[in-house]
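Here is the structure we will look at.
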Amino acid sequence: MGSHRRLAPSGFDRGATCALSALSAAAAALGALAAVPASAAPHEDTRAEVDRLYAEAEKATEAYNEAGERADVLREQVGAARDAIARQQGYINDLREELGSLAGAQYRSGGLDPSLALLFSDDPDDYLDKASVLDRITAHQAGELKELRGAVRALAQDRTEAARKLADLEASRKAVVRHKRTVEDKLARARRLLNSLPYAERAAWDRASRSGRAGLPGLFGDVPASGRAGAALAAARSALGRPYVWGANGPSGFDCSGLVQWSYAQAGVALPRTSQAQAHAGRRVPLSQARPGDIVTYRSDASHVGMYVGNGQVIHAPYPGAPVRYDPVGMMPVSSVTRP
């Protein structure tokens, strides 16, 4: 049986083997890189995150605006209730004084009518509940006192309820402010991330955020705006270039609904403060029939709003860092078109 001795590899053979191994590893690495583009994933992730944060921020801003508007209404209601209570109390005081004078006269002439003692009892409710006393009071006096007592009770209850609602709304508004600050922090981080990307990728993201969407009706050759719509559109155009500011409705800065509200106010038209309410502040029309001055709301929750200017464009306050500007009407999903 013959023996076969393995020859030791030469230096050349060893070098060739190492080189082949290195080339194989490099080829595998290149194949993996080719399967996932180096810049696409980070860019897409960043863009999606920023879009999500902007949408969240607008929802928070509109919730903040709504809470503030409701709080203002409640403050007026509380003030009106207090004024009414003060008037009623004054009337009661006058009545007590008048009947007190009569009671004094009766006392000096020989006694106090039990019916008048009602006004000076510690528990007039209990006194009124006694039938033996009610029949000594004239029907007019009894009805008057009952009415005043009921009115004071109702107004006191209304005041308590209004104060409770106001406290709840203020607490809610503070919660929205806290949420808004959280979103602002997230937006700041997203902005820093965007700024870290190459210029070409940032420009691509900006173009994508301002691009129109396919499948929209042709919106060209629009009639010029006139009347209130024309005045509102002129006001909105005068705000071009002004900054986006949280919760602001002009004139130096705006959020999206603040711009629309302010613009129509310049035309003498009072609109609600939030984009959701503005979506119902007039007659709904199809997007294909949009005219300059119409209000265009976006997303399923109507959390963004702009004003149609014609030729497939809107003017709006986009988001922090972007001034009031023109963009395609189809820059994001359209929720409704409203004509004030």
_According to salt bridge (charged side-chain N to carboxylate O under 4.0 Å, His left out), who are the partners of D301, at least two apart in sequence or on a separate chain?_
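Once residues adjacent in sequence are excluded, the partners of D301 under the salt bridge (charged side-chain N to carboxylate O under 4.0 Å, His left out) criterion are K59.
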
Which residue pairs pass the salt bridge (charged side-chain N to carboxylate O under 4.0 Å, His left out) test with at least one member in [range], sequence neighbours excluded?
{"range": "residues 329-340", "result": "D294-R339"}
{"range": "residues 251-261", "result": "D255-R273"}
{"range": "residues 236-254", "result": "none"}
{"range": "residues 311-335", "result": "R210-D327, R325-D327"}

*Identify, with sequence neighbours excluded, every residue that meets ring pair (Phe, Tyr, Trp, His ring centres under 6.0 Å) alongside Y244.*
none

With [X], which residues qualify under side-chain contact (heavy atoms from CB on, under 4.5 Å), at least two apart?
{"X": "A229", "value": "Y264"}
{"X": "A57", "value": "V183, L187, W246"}
{"X": "P286", "value": "S288, Q289"}
{"X": "R164", "value": "E161, D168"}

*Carboxylate-amine/guanidinium contact E170 K174, below 4.0 Å*: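 No.
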
*What's the verdict on side-chain contact (heavy atoms from CB on, under 4.5 Å) for L233 and M307, showing C-alpha distance, side-chain angles and the deciding distance?*
CA-CA 8 Å; L233 184 55; M307 186 183 299; 3.9 Å; yes

*Do S336 and T297 get their side chains close enough for a donor-acceptor pair, meaning under 3.5 Å?*
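T297 and S336 do have a side-chain donor-acceptor pair below 3.5 Å.
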
*Check the pair Q313 / Y308 against side-chain contact (heavy atoms from CB on, under 4.5 Å), numbers first and verdict last.*
CA-CA 6 Å; Q313 298 282 308; Y308 188 65; 5.8 Å; no

*Pair listing, ring pair (Phe, Tyr, Trp, His ring centres under 6.0 Å) test, anchored in residues 44-66, at least two apart*: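 Sorted result for residues 44-66: Y54-Y319.
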
*All pairs passing ring pair (Phe, Tyr, Trp, His ring centres under 6.0 Å) where residues 65-87 contributes a residue, at least two apart*: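 Passing the test, one end in residues 65-87: no pairs.
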
